[in-house]
Amino acid sequence: MKIGHFIHIDNTGGGSNSVISQLRFFHANKYKQAVFYGGQGRLADVCNKLSIYHKSVPTESLIKSFLGIIPLIYILKRQKLDILILHGQWAGLLGAVVSRMIGIPRVWYIARWPSFYTDWDLIRIIRNFICERTACCNSEYVITLSHSNRYHYLYRKLASFDKIKVIPNGFNLGEILKEEKGIDIRKEYKWHDSEIHIVSVSRLETQKQIDWLLRSWKIVSDDLLHARLWIIGGGSEEKNLKSLHAELKLERCEFLGSQPNGISFMKASDFVVMTSMYESFGRVLVEAMACSRAFVASEADGFRDIAKDGQEGYLVPVGDIQLFAMRMIDLIKHKDLRDRMGQMGVKRAKDFEENKVHAKLEALI
């Protein structure tokens with residue numbers, strides 16, 4: 001049995017981390033594998049370490065994907081795969097077409113980035129529908145990361161009831177729980193124990209709505225003087241967000257840029273915040289829970305399937321800046337609440353342990 005994985009871009013996001021998690025699982029269970037990806041991130045290093053065949057193809061964007069059809073046909077044809085797993089939208093479109101052309105017997109589509117979340121204009125609506133429809137129609141299974149996403153695919157009639165399976169991302173919790181660098185972070189950045197330290201770990205993109213977080217922080221910082229907000233990450237919205245930071249005259253709020261290990265900052269924090277407008281899953285939420293940290297997060301798709309409001313943390317209606325601020329204030333003021341939610345989070349995070357999750361994929365095989 002030989003399994004192929006195709007992801008349209010290998011970057012620092014959750015998609016690549018999820019593919020790496022699957023690679024480790026199938027490698028440990030003696031499956032032959034091959035990996036194809038656009039761009040250049042961590043996948044090449046992991047594949048070299050595990051002695052897995054890998055190849056970069058020009059598929060980082062939709063336009064480049066069409067340029068990558070010929071090399072992808074040539075590469076996949078030589079690999080003689082039994083199963084090809086397509087990770088995400090452009091890989092779903094391109095991989096579905098190529099696999100049908102060369103006769104790969106089984107194709108699965110993992111809907112890592114449901115493209116209909118960006119149906120902002122007519123062109124995007126048509127483009128996104130074609131991408132999702134092509135991937136779904138030409139796959140044996142459509143695998144969504146949450147029940148919220150499954151619902152979207154059902155009511156859009158992109159796939160039948162029996163064809164859609166819900167299998168979340170898997171995590172190596174041992175690596176997260178063994179992470180001891182939280183203490184080092186507090187020392188390096190001189191985080192005093194007399195203050196409450198709140199961390200956001202996120203790409204600075206429109207989807208993540210860090211502007212909502214900054215506006216919420218304005219309410220918090222005007223009320224409480226013993227809390228600090230640290231924003232970890234970089235992206236296309238960084239300049240706009242820093243301008244908003246200056247406009248709001250925010251205090252005790254700093255941008256620390258992209259960091260190699262955001263989990264270290266979560267472990268160093270007192271609690272974690274996430275203001276996404278939409279998520280197919282939400283890796284940061286599971287990582288925060290595995291670090292025994294409470295959270296305040298948007299009640300977006302994905303997040304609401306991972307945790308329950310008031311148990312592992314707080315879920316706030318998307319875009320409710322006032323309530324988000326009030327929930328942050330609750331956690332700032334009540335250490336016992338943070339501790340209780342953190343412990344419940346650790347228990348919940350164990351449901352996403354990678355061997356347990358990926359066994360569901362193996363069962364489909």
With a 3.5 Å cut-off and no angle check, do the side chains of [X] and [Y] form a donor-acceptor pair?
X	Y	result
Ser236	Glu205	yes
Ser21	Glu354	yes
Asp211	Gln209	yes
Asn128	Thr118	yes
His27	Gln33	no

For the student: nearest non-hydrogen atoms of [X] and [Y], plus distance:
X	Y	answer
Ala325	Ser216	CB-O, 3.5 Å
Ser280	Pro114	CB-CD, 3.5 Å
Cys253	Leu214	SG-CD2, 3.9 Å
Glu312	Ala307	OE1-CB, 3.5 Å
Asp270	Glu195	OD2-O, 3.8 Å
Ile7	Thr59	O-OG1, 4.3 Å

Verify the neighbour count for atom [atom1] of [X]: are there more than 12 heavy atoms of other residues, nucleotides or ligands below 6.0 Å?
X	atom1	result
Lys163	NZ	yes
Lys165	NZ	yes
His147	NE2	no

Derivation and outcome, side chain to side chain contact (heavy atoms under 4.5 Å, CB included), residues Met341 and Leu331
CA-CA 10 Å; Met341 287 180 165; Leu331 291 183; 3.9 Å; yes
Answer yes or no: is there a donor N or O on one side and an acceptor on the other, between the side chain of [X] and the main chain of [Y], under 3.5 Å?
X	Y	value
Asp10	Arg42	yes
Arg133	Lys157	yes
Thr134	Cys131	no
Asn138	Ala96	no
Ser292	Gln343	no
Ser146	Asp305	no
Arg150	Phe161	yes
Ser298	Ser276	yes
Ser139	Cys136	no
Arg293	Ala288	no

How would you list all residue pairs meeting side-chain hydrogen bond (donor to acceptor under 3.5 Å, both in side chains) that involve residues 241-252, not counting sequence neighbours?
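Those involving residues 241-252 are Glu238-Lys242.
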Once side-chain hydrogen bond (donor to acceptor under 3.5 Å, both in side chains) is applied, do any residues pair with Glu60, and if so which ones, sequence neighbours excluded?
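Counting only residues at least two positions away or on another chain, Glu60 forms no side-chain hydrogen bond (donor to acceptor under 3.5 Å, both in side chains).
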Residues in side-chain hydrogen bond (donor to acceptor under 3.5 Å, both in side chains) contact with Arg338, at least two apart in sequence or another chain
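For Arg338, no residue satisfies side-chain hydrogen bond (donor to acceptor under 3.5 Å, both in side chains) once neighbours in sequence are set aside.
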Taking C-beta and beyond as the side chain, do [X] and [Y] meet within less than 4.5 Å on heavy atoms?
X	Y	answer
Met266	Val201	yes
Trp212	Ile210	no
Leu23	Leu43	yes
Phe255	Trp230	no
Arg100	Val97	no
Glu362	Phe25	yes
Asp301	His152	yes
Ile9	Trp90	no

Could you walk me through whether His358 and Asn29 pass the side chain to side chain donor-acceptor pair (under 3.5 Å) check?
CA-CA 11 Å; His358 299 328; Asn29 287 278; over 6 Å; no
Go through the steps to decide whether Ile332 and Phe271 satisfy the test side chain to side chain contact (heavy atoms under 4.5 Å, CB included), and finish with yes or no.
CA-CA 9 Å; Ile332 290 170; Phe271 65 92; 3.8 Å; yes
Report the relative orientation of the aromatic rings in Phe26 and His5; use parallel for angles under 30°, tilted for 30 to 60°, perpendicular for over 60°.
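Answer is tilted, since the angle falls between 30° and 60°.
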Ion pair [X]/[Y], N-O distance below 4.0 Å:
X	Y	answer
Arg124	Asp121	yes
Lys187	Asp184	no
Asp309	Arg304	no
Arg340	Asp336	no
Glu279	Lys208	yes
Asp339	Lys335	yes

Starting from [Y], can I reach [X] by hopping between I/L/V/M/F/W/Y residues whose side chains sit under 4.5 Å apart?
X	Y	answer
Ile185	Leu256	yes
Ile3	Val19	no
Leu323	Ile219	yes
Met277	Val296	yes

Give every donor-acceptor pair under 3.5 Å between a side-chain atom in residues 104-113 and any protein atom, sequence neighbours left out.
unit_1: Arg106; atom_1: NE; unit_2: Glu140; atom_2: OE1; d: 2.9
unit_1: Arg106; atom_1: NH2; unit_2: Glu140; atom_2: OE1; d: 3.4
unit_1: Arg106; atom_1: NH2; unit_2: Glu140; atom_2: OE2; d: 3.4
unit_1: Arg106; atom_1: NH2; unit_2: Leu364; atom_2: O; d: 3.3
unit_1: Trp108; atom_1: NE1; unit_2: Glu140; atom_2: OE1; d: 3.1
unit_1: Tyr109; atom_1: OH; unit_2: Glu132; atom_2: OE1; d: 2.9
unit_1: Tyr109; atom_1: OH; unit_2: Glu132; atom_2: OE2; d: 3.4
unit_1: Arg112; atom_1: NE; unit_2: His87; atom_2: ND1; d: 3.0
unit_1: Arg112; atom_1: NH1; unit_2: Asn169; atom_2: OD1; d: 2.8
unit_1: Arg112; atom_1: NH2; unit_2: His87; atom_2: ND1; d: 3.3

Indicate every side-chain donor-acceptor pair of residues 73-85 with a distance under 3.5 Å to a residue at least two apart or in another chain.
unit_1: Tyr74; atom_1: OH; unit_2: Arg78; atom_2: NH1; d: 3.2
unit_1: Gln79; atom_1: OE1; unit_2: Lys2; atom_2: NZ; d: 2.7
unit_1: Asp82; atom_1: OD2; unit_2: Lys2; atom_2: N; d: 2.7

Residues Leu229, Leu213; criterion side chain to side chain contact (heavy atoms under 4.5 Å, CB included); working and verdict
CA-CA 10 Å; Leu229 174 63; Leu213 175 58; 4.0 Å; yes
Can you pull the ring pair (Phe, Tyr, Trp, His ring centres under 6.0 Å) pairs that have at least one residue in residues 276-315, sequence neighbours excluded?
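Output for this query lists Tyr117-Tyr278, Phe281-Phe352.
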